[in-house]
Amino acid sequence: MAKVKFQSQIVEYRGTLNNLVFKRSSQGEILVTKRPDMTRVKWSKAQKAHRQRFKLAVAYARAALAEPKVRAGYERRAKKQGKRAWGLAVSDYLQGKDLLAKNKS
């Protein structure tokens with residue numbers, strides 16, 4: 001689904017339009033790319049394993065940012081590092097850091 005913000009001109013466009021994908025870079029610029037065709041891709045065992053691990057990292061990030069104390073910690077770190085709290089949470093999981101377990105103890 002594409003989203004458009006209007007003022008006197010188009011301010012922002014996100015989503016897809018036909019075979020084009022509109023997205024914002026981490027620097028805030030709007031990027032337009034061709035939609036990838038992944039229909040014939042055969043994933044290797046290593047790729048499947050990594051995709052599963054990344055799925056777990058996303059689940060961890062959702063749970064971590066749902067906890068107010070953990071979220072506040074991530075937001076402080078993110079602000080210091082110029083990053084997003086979500087990305088730090090995913091990165092922490094992939095590096096083996098589990099802040100949820102520390103807060104429950």
Side-chain angles (χ1 to χ4, degrees):
M1 172 203 305
K3 297 178 182 178
V4 179
K5 288 185 181 180
F6 286 101
Q7 285 183 349
S8 60
Q9 57 196 3
I10 296 175
V11 175
E12 182 177 338
Y13 193 97
R14 292 183 297 160
T16 58
L17 180 66
N18 294 327
N19 285 330
L20 298 176
V21 178
F22 295 82
K23 55 191 171 184
R24 184 177 298 277
S25 74
S26 58
Q27 291 80 26
E29 299 171 335
I30 299 295
L31 301 175
V32 181
T33 60
K34 184 178 172 186
R35 183 186 296 182
D37 179 13
M38 306 299 281
T39 56
R40 296 184 200 157
V41 173
K42 300 286 185 192
W43 302 105
S44 71
K45 288 182 182 180
Q47 286 172 315
K48 288 178 184 178
H50 180 71
R51 288 166 62 92
Q52 181 61 32
R53 192 164 164 247
F54 198 82
K55 183 178 178 179
L56 294 173
V58 168
Y60 166 79
R62 280 193 187 118
L65 296 179
E67 293 284 331
K69 289 181 182 179
V70 177
R71 182 184 194 95
Y74 273 120
E75 287 178 351
R76 276 194 303 276
R77 281 181 50 210
K79 188 173 182 180
K80 285 181 187 176
Q81 296 178 20
K83 297 183 179 180
R84 296 180 181 151
W86 176 266
L88 287 177
V90 170
S91 176
D92 277 356
Y93 181 86
L94 293 173
Q95 292 175 18
K97 300 174 190 173
D98 188 349
L99 297 183
L100 286 176
K102 291 179 183 177
N103 275 347
K104 290 183 181 180
S105 318

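Only a predicted model underlies this, so the values are computations on that prediction, with no experimental measurement involved.
Of all the heavy atoms in Tyr74 and Ala64, the pair that sits closest is CE1-CB, 4.0 Å.
Taking NZ of Lys42 as the reference point, atom CZ of Arg40 lies at 11.0 Å (rounded to 0.5 Å). Once rounded to the nearest 0.5 Å, the distance linking CZ of Arg77 with OG of Ser91 reads 7.5 Å. If you take CZ on Arg84 and CG on Leu65, they are separated by 13.0 Å, rounding to the nearest 0.5 Å. A distance of 10.5 Å separates NE2 of His50 from CH2 of Trp43, quoted to the nearest 0.5 Å. Rounding to the nearest 0.5 Å places CZ of Arg24 at 4.0 Å from CD1 of Ile30.
A donor-acceptor pair is defined here as one N or O able to donate and one able to accept, closer than 3.5 Å; such a pair exists between the side chain of Arg53 and the backbone of Leu94. The backbone N or O of Asn19 lies less than 3.5 Å from no partner atom in the side chain of Arg35, so there is not a single donor-acceptor pair. Side-chain atoms of Gln47 come within 3.5 Å of backbone N or O of Ser44 as a donor-acceptor pair. At least one donor-acceptor pair closer than 3.5 Å links the side chain of Asp37 to the backbone N or O of Thr39. Side-chain N or O atoms of Thr16 include none that pairs as donor or acceptor with a backbone N or O of Leu20 at under 3.5 Å.
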Apply side chain to side chain contact (heavy atoms under 4.5 Å, CB included) to the pair Leu31 and Phe22, showing each step before the final yes or no.
CA-CA 6 Å; Leu31 301 175; Phe22 295 82; over 6 Å; no
Applying side chain to side chain contact (heavy atoms under 4.5 Å, CB included), run through Lys23 and Thr33 and close with a yes or a no.
CA-CA 8 Å; Lys23 55 191 171 184; Thr33 60; 3.9 Å; yes
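Side-chain atoms of Tyr60 and Asp92 include no donor-acceptor pair closer than 3.5 Å.
A salt bridge does not link Lys79 to Glu75: none of the charged nitrogens lies less than 4.0 Å from a carboxylate oxygen.
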